[in-house]
Number of protein chains: 2
Amino acid sequence: MVKDELDRSPLSVVLVEDNRILREGWVTTLKLEPDIAVAGDYSSCEQLLASPVLHVADVILLDIELPGKSGIEAIPLILSLRPQAIIIMVTMHEDDQHLFDAICAGAIGYLVKMSSALDLAGAIREAVAGGSPMTPNVARRVIDYFHPKSRYLPRQNELSEQDLEVLNHLGQGKSYAAIAKVMFLSVHGVRYHIRQIYEKLQVSSRGEAVAEALEQRLIRPPT
Amino acid sequence: MVKDELDRSPLSVVLVEDNRILREGWVTTLKLEPDIAVAGDYSSCEQLLASPVLHVADVILLDIELPGKSGIEAIPLILSLRPQAIIIMVTMHEDDQHLFDAICAGAIGYLVKMSSALDLAGAIREAVAGGSPMTPNVARRVIDYFHPKSRYLPRQNELSEQDLEVLNHLGQGKSYAAIAKVMFLSVHGVRYHIRQIYEKLQVSSRGEAVAEALEQRLIRPPT
DNA sequence: TTGCATACTACCCGAGTGGGTAGTAATGGA
DNA sequence: TCCATTACTACCCACTCGGGTAGTATGCAA
């Protein structure tokens with residue numbers, strides 16, 4: 001927690017957005033909030049990275065499409081200078097590529113600009129309170145990442161329960177022998193299932209199989 | 001979309017919760033909403049699975065800790081009978097294990113019971129509109145799943161840029177030869193980096209390396 | 001200049017892995 | 001009853017992978 005509930009000093013918020021109209025509108029809106037102080041607003045990441053304000057920022061609202069460095073490229077640079085900063089993307093891009101690039105880089109929230117009720121102040125407070133503000137559709141796509149792909153739909157690659165168990169062990173880097181041991185099978189039995197897996201997944205090595213299985217969410221990603 | 005915006009017929013909502021007081025409270029609350037119809041309320045998953053109501057349910061609010069089958073175990077069974085159902089967990093369990101078990105199984109929302117402002121009706125509407133209702137802390141933990149672990153903190157396992165690139169290719173199931181080709185190295189050069197990786201990650205096979213790298217979010221999980 | 005670390009290239013060798021093939025016990029129809 | 005499928009066990013063989021070891025070019029620092 002950068003600020004706790006008893007801390008009455010306003011949150012130091014920074015905006016990076018190249019559209020001047022939008023940016024000034026947001027600054028104006030946020031200035032009405034007593035618990036939020038706009039410490040700076042910039043039209044490019046380079047300006048933010050060069051500013052001393054970065055080193056006191058609590059929350060950074062970041063556009064993606066910007067002149068010069070993109071917002072996503074800037075995230076690691078920002079976090080290396082100010083690790084405790086809370087970065088919330090505010091963007092027009094609703095596609096998975098930008099979304100996952102941003103959160104993998106370290107963004108904590110992701111708001112779509114044209115969303116009907118874009119509540120910047122609310123999102124800032126939610127993020128500071130330990131949440132992750134997201135537009136509803138964005139939240140759904142993040143959750144969908146974990147969902148099994150088409151497991152409850154007409155199944156094509158009918159992996160048996162045993163196949164799946166072997167696949168899970170493969171994903172944990174176990175050798176044939178190790179898998180045989182825990183599954184009470186001979187090494188040949190393990191190979192039997194692995195051959196089934198390779199054929200059904202259309203691959204020809206353990207690495208490819210694990211990659212494909214993760215892709216299709218056939219095995220649970222490590223938690 | 002199970003119901004579109006023009007559809008004025010109420011949403012068919014089902015509750016599974018073993019605490020009678022809580023359940024009846026929720027039923028009463030939801031009955032006040034004109035766009036929501038409580039089609040059934042049950043104290044166990046077995047009851048729901050045996051009920052014909054399941055086959056017309058739009059949204060299912062599901063507790064985790066229940067007599068008999070747990071809510072999480074019930075998810076695949078429910079979805080195999082009613083794939084279009086939207087499942088929202090309503091539970092006391094805030095730990096990662098239950099959370100990720102639930103969303104990996106197919107839950108679309110995850111609400112913590114004792115949350116200060118538990119808005120069931122709002123959550124139901126958000127889920128039906130294509131969102132994923134989550135308590136703020138839950139959302140943060142889902143997002144944290146994608147965040148690099150301690151990459152911006154004192155780094156111990158100093159993997160070089162080249163090491164990381166090799167690691168990424170390993171994660172995609174590529175062979176030494178294939179990696180050598182795309183990185184313009186000899187196979188020996190690839191082996192050099194892989195040895196570095198194994199030593200720094202304290203592992204001794206490609207499988208373990210990939211598992212460990214995913215665990216530490218050193219490489220991006222597949223999208 | 002020497003010394004040292006980094007980023008490779010290179011060879012040997014044994015264990016692990018994958019493809020081909022075949023045999024067997026159990027199960028379930030037709 | 002016969003036939004087919006499933007779930008193994010089993011052997012052969014070539015290739016990949018991982019550990020040990022060593023050589024080399026580059027750069028950096030004392």
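Values below: every heavy atom of this structure, side chains too, minus hydrogens, waters and symmetry copies. Residue numbers start from 1 in every chain, and the chains themselves are labelled A, B, ... in the order their sequence lines are given, proteins ahead of strands.
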For [X] and [N], what is the distance between atoms [atom1] and [atom2] respectively, to the nearest whole Å?
X       : N       : atom1 : atom2 : result
K200(B) : dA7(C)  : NZ    : C1'   : 11 Å
D163(B) : dT6(C)  : CG    : P     : 11 Å
E208(B) : dT17(C) : CD    : P     : 11 Å
I179(B) : dT9(C)  : CD1   : P     : 14 Å
E165(A) : dA7(D)  : CD    : P     : 14 Å
L159(B) : dT6(C)  : CG    : C1'   : 15 Å

Margin query: To check you understand the geometry: which heavy-atom pair defines the closest contact between D63(A) and T91(A), and what is its length?
Written below: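 Smallest interatomic distance, heavy atoms only, reads OD1-CA, 3.9 Å.
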
Check: How far apart are the closest heavy atoms of I143(A) and A107(B), and which atoms are they?
Finding: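 For I143(A) versus A107(B), the nearest heavy atoms are CG2-O, 3.6 Å.
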
Next item on the list: Please determine, by modelled atom types, if S43(B) and Q47(B) share a side-chain donor-acceptor pair under 3.5 angstrom.
Entry: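 Per modelled atom types, S43(B) and Q47(B) side chains form a pair under 3.5 Å.
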
Item checked: Q162(A) side chain near dC8(D) phosphate (N/O to OP1/OP2, under 4.0 Å) ->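 So the side chain of Q162(A) is within the cut-off, an N or O lying under 4.0 Å from OP1 or OP2 of dC8(D).
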
Note to self: Checking Y198(A) now: which residues fulfil ring-ring contact (aromatic ring centres under 6.0 Å, His included) with it, not counting sequence neighbours?
What the structure shows: none

Check: Can you list the residues that meet the ring-ring contact (aromatic ring centres under 6.0 Å, His included) rule with H169(B), with sequence neighbours excluded?
Finding: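 Partners of H169(B) under the ring-ring contact (aromatic ring centres under 6.0 Å, His included) test: none.
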
Next item on the list: Indicate yes or no: at least one non-hydrogen side-chain atom of K200(A) is less than 4.5 angstrom from one of D163(A).
Entry: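 Yes. Closest side-chain heavy atoms under 4.5 Å.
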
Check: Looking at DNA chain C, which of residues 182-198 of chain B put a heavy atom within less than 4.0 Å of it?
Finding: L185(B), S186(B), H188(B), G189(B), R191(B), Y192(B), H193(B), R195(B)

